[in-house]
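Quick notes on the structure that follows.
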Amino acid sequence: MHEEARAFVIGYPIAHSRSPLIHRFWLEQLRTMGSYDRLEVLPDALSEFVKQMRAKKWRGCNVTIPHKQAIMDLVDDVSPEARHIGAANTLWFDDDQLKATNTDAYGFAANMDDYAPRWKSAKTCLIIGAGGAARAVIYACRQVGIGSITIVNRTTTKAEKLSEDFDVQAADMTEALRDISPFELIINTTSAGMGDISPLPIDFKSAQSAAIAADIVYAPLNTQFLLSARAHGLHTVDGLGMLLHQAVPGFEKWFGRRPKVNLPLRRLILSDLGEPT
Ligand code: ATR
């Protein structure tokens with residue numbers, strides 16, 4: 001008998017993952033047989049999960065915090081992209097080989113292509129933050145050939161580490177945010193400005209009038225960073241499309257059809273986020 005195509009998102013905690021909403025929307029829209037479920041996997045149960053996935057012939061999974069690094073030691077093949085970014089978020093089987101890649105850089109780029117297609121021709125870019133997400137964004141910016149990339153971070157040593165890993169520049173955060181005039185593209189990857197966290201001391205008055213400001217945070221959708229950029233007339237891109245697009249390659253690998261990121265999907269997630277649709 002034909003096995004049901006099953007895929008999962010694993011993490012700890014996992015209750016708030018929106019991936020099931022996205023993949024179930026596509027399963028239904030494309031009338032595809034299959035399932036996609038959340039699974040709480042504690043760090044010491046990760047290798048057991050991988051064994052189970054092999055034994056039960058599940059199609060694969062998305063991987064989130066805290067497993068994105070550890071999972072790379074448990075698969076048969078890690079893509080150059082995941083290796084360079086230092087984290088994997090998508091696993092699938094190619095024959096019996098368990099493969100892992102990172103689709104965040106793809107998701108970021110596809111979202112920029114949707115909402116600010118001229119991002120690709122930017123020559124200068126400022127990336128704020130030095131966490132895992134920043135690594136994927138740097139990778140994407142390098143891929144499209146943005147020549148001058150500057151990284152700033154509250155903790156300077158982390159920005160310096162990234163500048164070495166990716167061969168880009170690191171700068172002092174306070175100074176760079178005081179005068180953003182050199183940058184055609186300004187990208188926030190930090191949680192600054194969310195909830196009680198104080199916003200970034202960024203002076204959008206100093207920005208080029210044609211500059212693009214992008215955030216990878218999607219909850220809230222309109223971050224302090226984006227509101228402020230918009231108030232100064234900048235073109236802005238929110239983070240929701242990155243979440244939606246990063247899911248596309250996994251769905252295609254597990255279920256055999258390439259899904260589309262469209263307005264009904266965006267509206268579904270916006271309503272789950274409590275945002276106006
Ligand atoms: P992610 O994987 O989403 O990138 P992360 O690895 O926890 O998450 O990184 C969070 C980023 O947000 C870091 O760059 C962090 O700065 P530090 O390295 O100095 O911790 C940044 N960040 C969080 N709160 C911030 C704040 N209030 N001001 C500026 N940066 C902040």
Side-chain angles (χ1 to χ4, degrees), residues 9-14 16-19 43 62-72 81-90 100-109 111-112 125-142 149-166 168-178 180 183 186-204 213-221 223-229 237-247 273:
V9 54
I10 62 160
Y12 180 70
I14 198 62
H16 299 293
S17 170
R18 294 193 164 82
S19 294
N62 283 127
V63 178
T64 186
I65 290 167
H67 305 311
K68 285 176 149 195
Q69 283 87 34
I71 198 72
M72 295 194 291
E81 196 162 339
R83 182 86 56 211
H84 200 163
I85 294 169
N89 70 347
T90 305
T101 192
N102 186 310
T103 64
D104 285 335
Y106 164 79
F108 174 79
N111 185 40
M112 294 303 288
C125 167
L126 176 67
I127 298 172
I128 309 163
R135 297 180 70 93
V137 170
I138 302 173
Y139 188 91
C141 290
R142 289 289 299 273
I149 298 174
T150 304
I151 309 297
V152 296
N153 192 48
R154 178 176 63 181
T155 311
T156 313
T157 46
K158 278 164 76 181
E160 283 162 356
K161 168 82 171 68
L162 250 68
S163 80
E164 284 163 24
D165 289 355
F166 287 89
V168 295
Q169 302 166 55
D172 177 77
M173 182 166 99
T174 313
E175 239 168 77
L177 297 188
R178 201 179 290 143
I180 55 171
F183 306 106
I186 302 131
I187 305 161
N188 177 45
T189 73
T190 75
S191 39
M194 282 168 72
D196 294 339
I197 310 171
S198 54
L200 295 163
I202 182 162
D203 182 7
F204 281 107
D215 207 319
I216 65 150
V217 171
Y218 58 85
L221 189 70
T223 59
Q224 287 291 336
F225 172 85
L226 291 180
L227 290 171
S228 178
V237 181
D238 67 58
L240 181 53
M242 176 175 171
L243 172 75
L244 305 179
H245 280 289
Q246 63 77 32
L273 290 166

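Both backbone and side-chain heavy atoms feed into the values below; hydrogens, waters and symmetry mates do not. Counting starts at 1 for both ligands and their atoms, following the listed order.
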Quick one: does atom 7 (O) of ligand 1 have a protein heavy atom under 4.0 Å from it?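 Within 4.0 Å: no protein heavy atom nearby.
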Considering all protein heavy atoms, does one lie under 4.0 Å from atom 10 (C) of ligand 1? no
Is Asn111 reaching over with its side chain to a backbone N or O of Asp238, donor-acceptor style, under 3.5 angstrom?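 Yes; judged by distance alone, with no hydrogens or angles, the pair exists.
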For the side chain of Ser17 and the backbone of Ser19, is there at least one donor-acceptor N/O pair under 3.5 Å apart? yes
Among Pro201, Pro199, Ser191, Ala159, the residue with a heavy atom nearest to atom 23 (C) of ligand 1 is Ser191
For atom 5 (P) of ligand 1, which candidate among Gly131, Ala87, Ala192, Gly129 holds the nearest heavy atom?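 Looking at heavy atoms only, Gly131 sits closest to atom 5 (P) of ligand 1.
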How are the rings of His84 and Tyr139 set relative to one another: parallel (under 30°), tilted (30 to 60°) or perpendicular (over 60°)?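 His84 vs Tyr139 ring planes: perpendicular.
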Salt bridge (Lys or Arg N to Asp or Glu O under 4.0 Å) filter on Lys161, not counting sequence neighbours, yields Asp165
More than 12 heavy atoms of other residues, nucleotides or ligands under 6.0 Å from CZ of Phe204: yes or no? yes
Take atom CD1 of Ile65 as the centre, draw a 6.0 Å sphere, and report whether it contains more than 12 heavy atoms from other residues, nucleotides or ligands.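 No, CD1 of Ile65 has 12 or fewer neighbouring heavy atoms, counting only those of other groups under 6.0 Å.
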Below 4.0 angstrom from a heavy atom of [X], which ligand 1 atoms are there? Numbered from 1 as shown, please.
X: Lys158; result: 17 (P), 18 (O), 20 (O)
X: Ile197; result: 26 (C), 27 (N)
X: Ala133; result: 1 (P), 2 (O), 3 (O), 4 (O)
X: Gly132; result: 1 (P), 2 (O), 4 (O), 6 (O)
X: Thr190; result: 12 (O), 21 (C), 22 (N), 30 (N), 31 (C)

Examine Met173 against ligand 1 and note whether any of their N/O atoms are separated by less than 3.5 Å.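 No, no N or O pair falls under 3.5 Å.
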Could you list the donor-acceptor pairs under 3.5 angstrom formed between side-chain atoms of residues 125-133 and any protein atom two or more places apart in sequence or on another chain?
none

Do Asp215 and Asn188 meet the criterion of a side-chain donor-acceptor pair at a distance under 3.5 Å? yes
Taking only Lys NZ, Arg NE, NH1 and NH2, and the carboxylate oxygens of Asp or Glu, determine whether Arg178 and Asp172 approach each other closer than 4.0 Å.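 Judged by the 4.0 Å cut-off on N to carboxylate O distance, Arg178 and Asp172 do not form a salt bridge.
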What protein heavy atom lies closest to [atom]? Include the residue and the distance to one decimal.
atom: atom 26 (C) of ligand 1; answer: Arg154 NH1, 3.4 Å
atom: atom 13 (C) of ligand 1; answer: Asn153 OD1, 3.7 Å
atom: atom 19 (O) of ligand 1; answer: Thr155 OG1, 2.5 Å

